[in-house]
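Okay, structure first, notes after.
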Amino acid sequence: MFDRSIRRGSASRSTSDPGHVLLHCFLASVFAAACLGVLHCLGFLVRSSNCCPAGQGYTSCEMWQDFRSMLSFFLGALLCCLLTQNDKTTEEGPMWSGWVGIQL
């Protein structure tokens with residue numbers, strides 16, 4: 001219905017403003033928190049009751065829990081990358097060509 005270049009141009013203008021980015025992140029966080037709250041109230045989201053037994057040091061049970069947490073994080077990051085990728089190139093060239101680096 002709309003020309004692809006028009007949509008791409010308007011999206012890049014709206015996300016370049018830091019205020020819009022912060023508002024978008026805030027609204028996404030509020031929406032995620034509301035969804036988690038509703039799922040918890042409906043009983044779909046419950047805390048795990050299988051705590052590791054108390055032991056000395058770092059037990060294999062605790063290591064398994066940490067591994068599952070890291071796996072969940074990386075799978076979520078991969079899913080985000082897959083769902084948010086658009087065409088890797090624009091009219092100006094590759095998507096990452098203008099980036100110098102990322103500061104952590």
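The model shown is predicted, which means the values in this text are computed figures rather than measured ones. These values consider heavy atoms only, across backbone and side chains, with no hydrogens, waters or symmetry-generated copies.
In this structure C35 satisfies the disulfide bond (SG atoms under 2.5 Å apart) test with no other residue, sequence neighbours excluded. Taking F67 as the reference, W64, L71 meet the side-chain contact (heavy atoms from CB on, under 4.5 Å) condition, with sequence neighbours excluded. For L27, the side-chain contact (heavy atoms from CB on, under 4.5 Å) partners are L23, not counting sequence neighbours.
To the nearest 0.5 Å, atom CG of residue L79 and atom CG of residue L75 are 8.5 Å apart. S29 contributes atom OG, which lies 10.0 Å from atom NE2 of H24 (distance to the nearest 0.5 angstrom). Rounding to the nearest 0.5 angstrom, the gap separating the SG atom in C41 from the CG atom in L36 is 11.0 Å. Separation of atoms SG (C52) and CE (M63) is listed at 10.5 Å; rounding is to 0.5 Å.
In the hydrophobic clustering of ILVMFWY residues, with side-chain heavy atoms under 4.5 Å counting as a link, L78 and F74 come out apart.
In this structure, the side chains of L22 and F26 stay at 4.5 Å or more apart for every pair of heavy atoms.
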query = Does the side chain to side chain contact (heavy atoms under 4.5 Å, CB included) test come out yes or no for Y58 and D66, once each step is laid out?
reply = CA-CA 11 Å; Y58 189 59; D66 290 343; 2.4 Å; yes

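Judged by distance alone, the side chain of S72 and the main-chain N or O of R68 form no donor-acceptor pair under 3.5 Å.
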